[in-house]
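Values below: all heavy atoms of this structure, side chains included; hydrogens, waters and symmetry mates excluded. Labels below follow one simple rule: chain letters A, B, ... track the order of the sequence lines, proteins then strands, and each chain is numbered from 1.
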Amino acid sequence: MLLTPILLVPLMASLACLLTPSRRVMEVLNVLAFAVALALGLRLLNQVLAVGFVAEWEEFLSADALSAWMVLLISAVSLAASLYAGRYFRRDLASGAVTPGRVKEFFVLTPLFAAGMFLVVLANNLGVMWFALEATALSSVLLVALYNRKTSLEAAWKYVMLGSLGLALALFATVCTYAAAVGLQPSEKLPSFNWSHLMTVAPQLDQRLIKLAFVFALVGYGTKAGLAPMHTWLPDAHSEAPSPTSAMLSGVSLKIALYALLRFHILTTQCVDSGFSRTLLLCFGLFSMFLAAPFILVQTNLKRLLAYSSLEHVGLICAGIGMNTPVTIFGALLHMGYHALTKPVLFFAAGNIHQTFHSLELRIIGPGVVKVLPVTVLLMGLAAVAAMGLPPFGLFYSELTVISGGFAAGKTFVSVLVLVALVAAFCGILTQLTRILLGIPKRERTSDATPWDGVGAMALLLVGLLVFSVWLPAPVLQLIQQAAGIVGGKP
Amino acid sequence: MKIDVLAIALQTGLVLLLAPLVSGCIKNWKAKLQNRRGPRVWQPYFDIIKFLRKDMVISEHVSWVFSAAPYVVFVTSLLVGVMVPIVTVQAPLGLFGGALAIIGLLALGRFFLALGGLDPASAFGGMGSSREMTLSAIAEPALMLAIFTVAITAGSTDLSRIVAEAQGSNLKLLNPAHLMAFAALFIVLLAETGRVPVDNPATHLELTMIHEAMLLEYSGRYLAFMEWGASIKQLVLMALLVNIFLPAGLAGDGSAASLGLALGVFLLKIFVLSGAVVLVETVNAKLRLFRVPDLLSAAFVLATLGLLSTFLFQ
Amino acid sequence: MIMTSLPSTEAGTQLITLLAALMLVLQLLLVVQRMLLTSIRIFALQSLMLAAIATVVAYYHSATHVYVIAVLTIIGKVLLLPRLLNRLVRRINIIQEIEPLLNAPTSMLICGGLTLLGYIVARPFTTLEKLGNNTLAIAITLLLTGFFLMFNRRKAITQVLGLLTVENGVMLAAVALTTYGMPLVVELGIFFDVMVAVMVLGILVYRIRESFASMDTSKLSQLKG
Amino acid sequence: MDNLDTLLNLGLLGYVAAAAAGLLFFRSEKLANLFSFGCASVAALCGIIFSVFSLATGAAAANQSFELFPSLIPYVRFSVRPDPLSVFFTLIVSLLGLALSLYSLGYARGFYGRKSVGVLGAFFNVLLLATTLVFLADNAFFFLIAWEIMALSAYCLVSYEHEKEETRRAGVLYFVMSHIGTGCIMLGFLLLFQASGSYGFETFQSLGDSMSAGKRNAAFLLFLVGFGVKAGIVPLHTWLPAAHPVAPSNVSALMSGVLIKTGIYGMTRVFFDFLGTPPNWWGVTVLTVGTISAVLGVLYALMQHDLKRLLAYHSIENIGIILMGLGAALMFLHTGHTLLASLALIAGLYHTINHALFKALLFLGAGAVLHSTHTRDMEEMGGLAKRMPKTALFFLVGAVAISALPPLNGFISEWLTYQSLLQGFGTTPSLIRLMFPLSGAMLALTSALAAACFVKAFGITFLAQPRSEHAAHAHEVSFTMLLGQAILTAACVFLGLFPTVFLTLFDPVTHQLTGHQLSAQLSVANGLVLSGVMSDGGTVSTLGITLVALCLLFVPFALWLVFAQSTKIRRGPTWDCGLKGLTPLMEYTATGFSKPIRMIFKALFRPRREVQREYDFSPYFAKTIRFEAHVEEIFETRIYRPLNRWVLRFSRRMRALQAGSIQAYLIYIFITLVLLLLFAL
């Protein structure tokens, strides 16, 4: 009995927050919930390594290596976000940017959002996975629209419209997959729609239907994952949402949609042996990376800059998996972990800057933030160095693994494209952040700049990132290799 | 290849004594050509002795570099004098430096001369140094290419080997490569020693001087060393030119008779070359400063043609 | 239920094909429709057709849980949703839909093209359908035209309607392709999701209406670059 | 053997301890300064002892690799292989590390109160550590990690004084170009990894022969561009004159002295060790690039009146000279003349260490001048020789060395380069051999122009009258700064006078790369004289020349004895054509000094000058005249600025894609879906 508590704990926290009036209690509840979820995630990790496939409620909930790795990511990012949210909303309330009702709404919806994500990852049935993803979409819409400003409403509207459309297409893909399963044994009343069962029967499925299903899944779940032509909602939603939410959105919710897409990818590679789904993933991944670079270069809004950088990293993960060799998939999954630890720090720092300068426009923030918020800028600098893929941090290692895997597998041209996109993004981020972080501030900032704010969450994540960059513990390594095996198509 | 101190001493003395004579002759013959009586041939000796005896007036702005410059110029010129084969095939100091070392030492002398010009904080000294360094920089590639042409045929930059190789085969000068190299080196000689087409040694207009402008602030024995160094440098370049391209008459062994003969032949050759220089000086007017690079690039083209012809017309 | 005494599945297939065709016609009507309230009514009618198809399928395959789906569709999509949307429209009192992105003739042309595309895509799968031939093609066409409707209109409500028709198309495919429909828990999940989605959209439309004083989505374009 | 490795570990740990100390004593500046730079000099000393002993005793030749610390990540081994080439470059970085750390002890005092010295010390040590690891790394992964950390710490040091906008822009330009270079290097190593299957350098050994020609040439070009950006060869050099002047002086000395050499190390390691026998066009390309870099480097240096910018351009020139040596060596390897290749390689490497020494010395001198006059502009200096005599002497020694004038080390390495170019003429029958003498002539032009440039640099900065208040009140710098400069001066003089002694250290390096040990052949008359490799290609002995020069000094002394015994020396005003006395404004300025060269090379510089005159009452006598002269940096204006403008314009046009209307976004998805349905199925 391990999977259901992971789901129930956040739900209980959400309900509890609904009932308690005081904000302090809600903060503590959230942090506790996600701390417990993280602990459970770690136990799940050990169990998955031992058993390989954990199932409950006669296989309604199941967890293999890939989902265990996802559970870890979700709980880590959510814990960091909830740690940061406490101080963040205290300052927002003080400055009147948000009403207590909305803060309560935040503390209720965030665990719901996380629970939805846990369900996506733990659901064995594709339909339930779709349902869970729809739940996360709906809960995060109201989080994006928390500030009730004109722009955040606009961002929420686009987020919900594009999201729901994407999920409708994904539903069609689920229907087609189920139809293929039904087509296989017409006699049996209701064949089981569990993913594990589908995997066993995959080679006999009707190839054309599975390919149609993958196309719709790619466009549907791709929209939720923010792949290139369908990414347009991503910068709006991430820049308008409150920082803890945009950290969760950017850090892990994109990867959950990518996880769903991967389930279809694995199914298609099992059924259609040609590299159909692989080449599509690769093309969309590369397109996302190359599309992100120009936007980063001429970006005027800080959070949109970070959103496009997330788009680029998701593109890299997608391309890594698209190259479909054990090394590149291992690199891509590892990159998911490192990115999940790095991106929230950047968003928390952006949150601090937003609350101090009351704007996200790079022109208004202007040079010299280091003189106003020295500690935040130091941590943001370290996270930016990591996000740019420079050595002391793990992202360099995972990016190089993906590219060298591509070279070893003979896909030279594609790997060169990946490297070119990474260098372009590096130049963009460096020029933009240097312009605002270093130098002397234009006009003297008022007193409301409290340098030591929200530093705890950021420092925790950075220390985690540094530790995992240098030392990759054996169980985590084994888990990722197992997950890579699953994605790579070995059962 | 060993160093005998006697040969060094003798050659130093010879160079010291001969240099003022050569510049004196040139001044004298030039005056005669312009049907003036001109200063007597021994005048430079008296000038040097006069300068040595006079008191020195040094500008108050200068640092120690100003007083170090004359010694550096004088000693580098003497060193080069000893490295060049004048009367014997094997130059006394040949082991310690070949053609490249000579170019380097001349450059060192020029470096300190230019610094000496800049130190007294006068516009003329600055102008002289700037022009001197520029023109010598433009002349350098032509000089190096000419040396390369000659060195390639001899397979080494060691002057004695070059002279020995030139002496061995018959009249080398007719070979087109050597002819062009000689012409290029002659133009470089005019530029390096500040002769008319490039710079007028006898002018009093500070704005037109190049070499003399740097010496304006010098007086007394510093001026003597500077003048003497300049004339030694002139003698050395002429000797270089003459002995590489017309190596006839250089003494192989150290016997007195062959040395005497070699000295006679050397003096003849030097005076013929001085005559040529005087002729060029009287015939040409001084070029504008920014026309001199064209002259020197002509020298560079000549040297390149010389280099090409080493293997084209073999 | 009048259809109790139908003798053979062949008649059922014809009935389903007829109902599906009717759904397609309603969809095309929706594309050219100007009035908001009538659009909502057309959507309700379309959902009714879907429920009818569900009952026919349930009857022929005697699958009890498909009946539940049909009933839920009727309650939800035919009664509840239109009433919610009507109340929303009346409270925001916007009646007339101003000029859509593409005028009527071009829209119709595009819908024709999309129908052609639907058939091309659905052609290899005709063998799979048990009841009613090429309902999958109609389902895909409904999906694509619903999609087209979403970006052809400026009004938020019409965009929601477009989304719901897309969802109808998917449900039609579910009914047509799978002989006994999807497992009940999945169907329930999908149904409740649609309900919650519309409620959330309602909240958002209301809030946008409050701060923007108009439901024209072209005003929602400040976030650039 | 193992005590050498422990010495190396001690050195590396020393840097780490120094960096940690810098951060630890963040609060108190004196402690941070003392500990970080003190430990750094001790670590550098260990490095020197390690490299000299392992080169001298041939221990480096055994070149077995050992692991610094166990790696906890798969596929990565932090292994180090001190083979002769790496140890030679470690010697350079350690020698400079020692001198610069001592110098920084004094220099950092200038930052007390203004900036945090702990951070400077920390990053300084991280840079030294990363550079040493770059030289010693044994597999591509560790090399790239050390390379990127080096670039990152150099960026942090360059933008140390980030208050000025110019510093930030230079820092970004440096890091962007360096990262693009690193991208190329990464691709090169991946091509090798693809061919060899593993990251270790030992598997890359002469891998070129087994690779396909296309991949081999691609790898060569990638490495040339990648390492070329870091070395600063001409088309890729624009970051160098921007980054060096703005960095603190001890950092720009380190960057100019060592960081550029990592590019040279990379090229040597890859071209000679990995890519097997080179085709002819490789050598020709490197030689041409070297020649162009040398000539353009010195020409642009002449036009500068910012002292550190002038020195930065000279780094480009000297890198060009080094590349000439390497290019010639590659061409000889192609034609099989391994003996000549070793000579050319020795010339290149000898000039690498020479340049490291005298360039660092000059930057330290410039730093001392900047420290006391608070300006880099030469037009505001002058007369510093009397006020800062020791710095002036050290700067003069540096200037003489860099202009390749005889008694010092610059002359020796250029002499070796000339010898290899000369001997190269006979090696190939084809017209290519014409390149050797022509590049020799260009080398001569370069060194002559360098001499002119350093007459300007030394003369305008140190001689004549001070042109500004700052210069007038300049004072000599502290003892440690002078000590740093003294060490480098001593090294320059030693390398100049005793080349044959130093050449013995080259034997293991040339033996590893080209299979020959030349030091015996090159030293004649028991080490007094240095000779070319051909039987009697020409000899030179700087020691001999200096001794004879000292003897010849007797002649002026004798003349003084005979004639000038009773003369007196009087100090008088400089000749001013009878005006009422010379003011500092009448002196020759840096711009004036380089005027003739600017006129001769008009086509290259395209000089622009604006003169604004302000008249008071009569149109004939201007009240104030403002003169402004600009020289156009063609690479900047022709290549980099248009490229930058085009990229930004393209990106702004891409921004239109995200125009804000939800209809557009829906259309994007619709089109993707339709296209996929039509074509992908």
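Counting only heavy atoms from C-beta outward, the side chains of V555(D) and F74(B) approach each other to under 4.5 Å. For the pair L135(B) and P596(D), the minimum side-chain heavy-atom distance is 4.5 Å or more. By the 4.5 Å heavy-atom criterion applied to side chains, L438(D) and T304(B) are counted as neighbours.
Heavy atoms of F425(D) lying under 4.5 Å from chain B belong exclusively to its side chain. Looking at R221(B), only its side chain comes within 4.5 Å of chain D, counting heavy atoms on both sides. Only the side chain of V65(B) comes within contact range of chain D, with heavy atoms under 4.5 Å apart. For F554(D), no part lies under 4.5 angstrom from a heavy atom of chain B. Both the backbone and the side chain of I545(D) come within less than 4.5 Å of a heavy atom in chain B. Proximity to chain B (any heavy atom under 4.5 Å) is shown, for L443(D), by neither the backbone nor the side chain. The contact between E217(B) and chain D is made entirely by side chain atoms (from C-beta outward), counting heavy-atom distances below 4.5 Å.
For the set P437(D), G426(D), S566(D), the entry with the most heavy-atom pairs within less than 4.5 Å of chain B is P437(D).
Remark: D576(D) pairs with no residue by the salt bridge (Lys or Arg N to Asp or Glu O under 4.0 Å) rule, at least two apart or across chains.
Annotation: residues 119-132 of chain B contacts chain D through D119(B), P120(B), A121(B), S122(B), A123(B), F124(B), G126(B), M127(B), S129(B), S130(B) [non-hydrogen atoms, separation under 4.5 Å]. At a heavy-atom cut-off of under 4.5 Å, chain D is reached by F111(B), F112(B), A114(B), L115(B), L118(B) from residues 109-118 of chain B, listed in order of number. Residues of residues 142-150 of chain B placed with any heavy atom under 4.5 Å of a heavy atom in chain D are listed by number as M144(B), L145(B), F148(B).
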